[in-house]
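No experiment lies behind these values; they were computed from the predicted model shown. Counting convention: from 1, in listed order, for ligands and their atoms alike.
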Amino acid sequence: MNLPTASTAPTDCGVVWNNTFAALGPAFFTRLAPTPLPAPHWVGSSDALAQELGLNVDWFHSDTALQVLSGNQSLSGTDPLASVYSGHQFGVWAGQLGDGRALLLGQTAAGIEVQLKGSGLTPYSRMGDGRAVLRSSIREFLCSEAMHALGIATTRALCITGSPEPVRRESIEAAAVVTRTAPSFIRFGHFEHFASRNQLGELRQLADYVIDRHYPDCRNSPHFDGNAYAALLHAVSERTASTAAQWQAVGFCHGVLNTDNMSVLGLTLDYGPFQFLDAFVPNHICNHSDTQGRYAFDRQPNVVYWNLLRLGQALQPLIGAPALAMAALDSYRTRFPAEFMRLMRAKLGLPSTQSAQTGEADVMDGLLRLLVADAVDYTIFWRRLSQGVAQNDFAPVRDLFIDRTALDAWLLSYKELTALIDKGLSANLMLKTNPKFILRNHVGEQAIRAAQQGDFGELRTLQTLLARPFDEHPGFEAYANFPPAWASTISISCSS
Ligand code: AMP
Ligand code: MG
């Protein structure tokens, strides 16, 4: 996993570019080129993703690629644009937003969109500077790839390029650009934008575009009286429910679940002040700007539904009957708990082939209560439980708890529940479900601090570990350990 090095490599990137979004027309975007970034250098990159995209790896390693992906040269065949959207932020209608610092370059033949984030001012930058800083770019790069490796729907990150260009945040930081990819970057806020302006032609055009490209089955759905837009709302609700269930099961707190950060494909999108839980504190707030705790970890499932209601409202003029929209949204309320329970059962080592037994929910609830009471490290607990089942030794699990009597009683109920299940099978499932490596804040912070000194080794190490989060990686235990005391002093806010 070497960083690309400058060479006299080909000028042809190997991808034939397309941009179907650009065909939607000028109401949807503004065409513009990125703002050049002085003296760029490589910070991090993923050859694996480059190959998946069909990029010529020699080109990707070239100085041309460095310049293109920093916004200093145009990429032949692309048609860069910033899209317009609106949205609700912290529960309040925020009006027009849009790609204030991102540009869509185009789509690969397989339909994967490539975006530069941090590439300069756009007509939608409002008070912002159009830039991203190295710190937040490293967090997005590492986390989106980590989520992908955990099997959680997400945008991906191809590379980061950095520059000495100063950017003002709480302090002066170095600028960077992340190149990120997704089958689509369309947000709930894109629909809200046209609905709020009563631009029903554009609203329909956008919905048709999303259906044709991503949800073609909605055209002939037998449900919702054959209403394709209600079917779309239903499909988005289902995907969003699955993703939200995965966040809750793995202990991921997004931090800014505004409707403009909600992907119409159910992807985890716009990595800002996110955090993986260390101790299991359900009402943990990871975003220091979130003074009311609207986006606290345990509020995510409800706030996601609130966001889906806003999407439903936006699609209402296309759907027609309000009852149809409500029926389409209702699936979230069954899909989310079902998905969450499925994932938690796997974490406990209960195979999906075995139907739920009475008492399972009690065992689960009892466990979560114990984890809260002793503020046990969420990831370490699950990994140790998995090892405990594999080796029939629960001493390392006991060590995590203060109230051992309560834990022993719980372990007894757990053993009764799983008495008839093959332990090898269970352990196997658990070790593939409960990751050893997650992107803890303090671990990311160490890579960021090293990178700010020009050392990208930590970043590469983390990239390697997080690409295989379920493997043991002997020798790298420190990266899977409890957070040090200073971790609680890391302050992450919206501004990045
Ligand atoms: P976020 O909270 O990062 O999802 O961003 C909310 C809105 O602010 C979006 O329209 C972003 O494009 C915009 N935005 C965030 N940071 C900047 C920035 N540095 N410059 C311009 N626009 C920004
Ligand atoms: Mg955003």
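Across Val304, Asp270, Leu311, Leu308, a single residue satisfies side-chain contact (heavy atoms from CB on, under 4.5 Å) together with Met262, and that is Val304.
With hydrogens and angles left out, the side-chain atoms of Arg299 and Asn283 include no donor and acceptor closer than 3.5 Å. Judged purely by distance below 3.5 Å, without hydrogens or angles, the side chains of Glu113 and Ser184 never pair a donor atom with an acceptor atom.
The neighbour count for Arg219 CZ, taken as heavy atoms of other residues, nucleotides or ligands under 6.0 Å away, is above 12.
Close N/O approach between Asn261 and ligand 1 is found [any backbone or side-chain N/O within under 3.5 Å]. Here's the thing with Leu97: none of its N/O atoms is less than 3.5 angstrom from an N/O atom of ligand 1. When only interatomic distances are considered, the shortest N/O to N/O separation between Tyr124 and ligand 1 does not fall below 3.5 Å.
Under a 4.0 angstrom heavy-atom cut-off, Arg187 registers as lying outside contact with ligand 1. Contact annotation: Gly130 has at least one heavy atom less than 4.0 Å from an atom of ligand 1. Heavy atoms of Arg126 approach ligand 1 to within less than 4.0 angstrom. Note on ligand 1: Asp129 sits in its first shell, one or more heavy atoms being nearer than 4.0 Å.
Aromatic ring orientation, Phe280 versus Phe297: perpendicular (interplanar angle above 60°, classes split at 30° and 60°). The aromatic rings of Phe21 and His190 lie perpendicular to each other, with more than 60° between the two planes, well past the 30° mark.
Ring centroids of Tyr124 and Tyr85 are separated by 6.0 Å or more, keeping the two rings apart. Between Tyr295 and His254, a ring centre-to-centre spacing not shorter than 6.0 Å is recorded.
No side-chain donor-acceptor contact under 3.5 Å links Asp278 to the backbone of Pro483.
Using a 4.0 Å cut-off between charged side-chain N and carboxylate O, Arg31 and Asp79 make a salt bridge.
In this structure, Arg139 satisfies the cation-pi test against Phe274, with its NZ or CZ atom closer than 6.0 Å to the six-membered ring centre and inside 45 degrees of the ring normal.
In summary, the atoms of ligand 1 found under 4.0 Å from a heavy atom of Asp270, numbered by their order in the structure, are 4 (O). Against a heavy-atom cut-off of under 4.0 Å, Gly128 is close to the following atoms of ligand 1: 18 (C), 20 (N), 21 (C). Listed by number with element, the atoms of ligand 1 under 4.0 angstrom from any heavy atom of Gln89 are 6 (C). Under a 4.0 Å criterion applied to the non-hydrogen atoms of Gly98, ligand 1 contributes the atoms 9 (C), 10 (O), 11 (C), 12 (O). Near Arg169, meaning under 4.0 Å from one of its heavy atoms, ligand 1 places the atoms 19 (N).
If you look at Tyr85 next to ligand 1, the close heavy atoms, those under 4.0 Å, all belong to the side chain.
Nearby protein atoms of type N, O or S around the Mg ion (ligand 2) amount to 2 (distance under 2.8 Å).
Closest approach of Gly77 to Trp17, counting heavy atoms only: O-CB, 3.3 Å.
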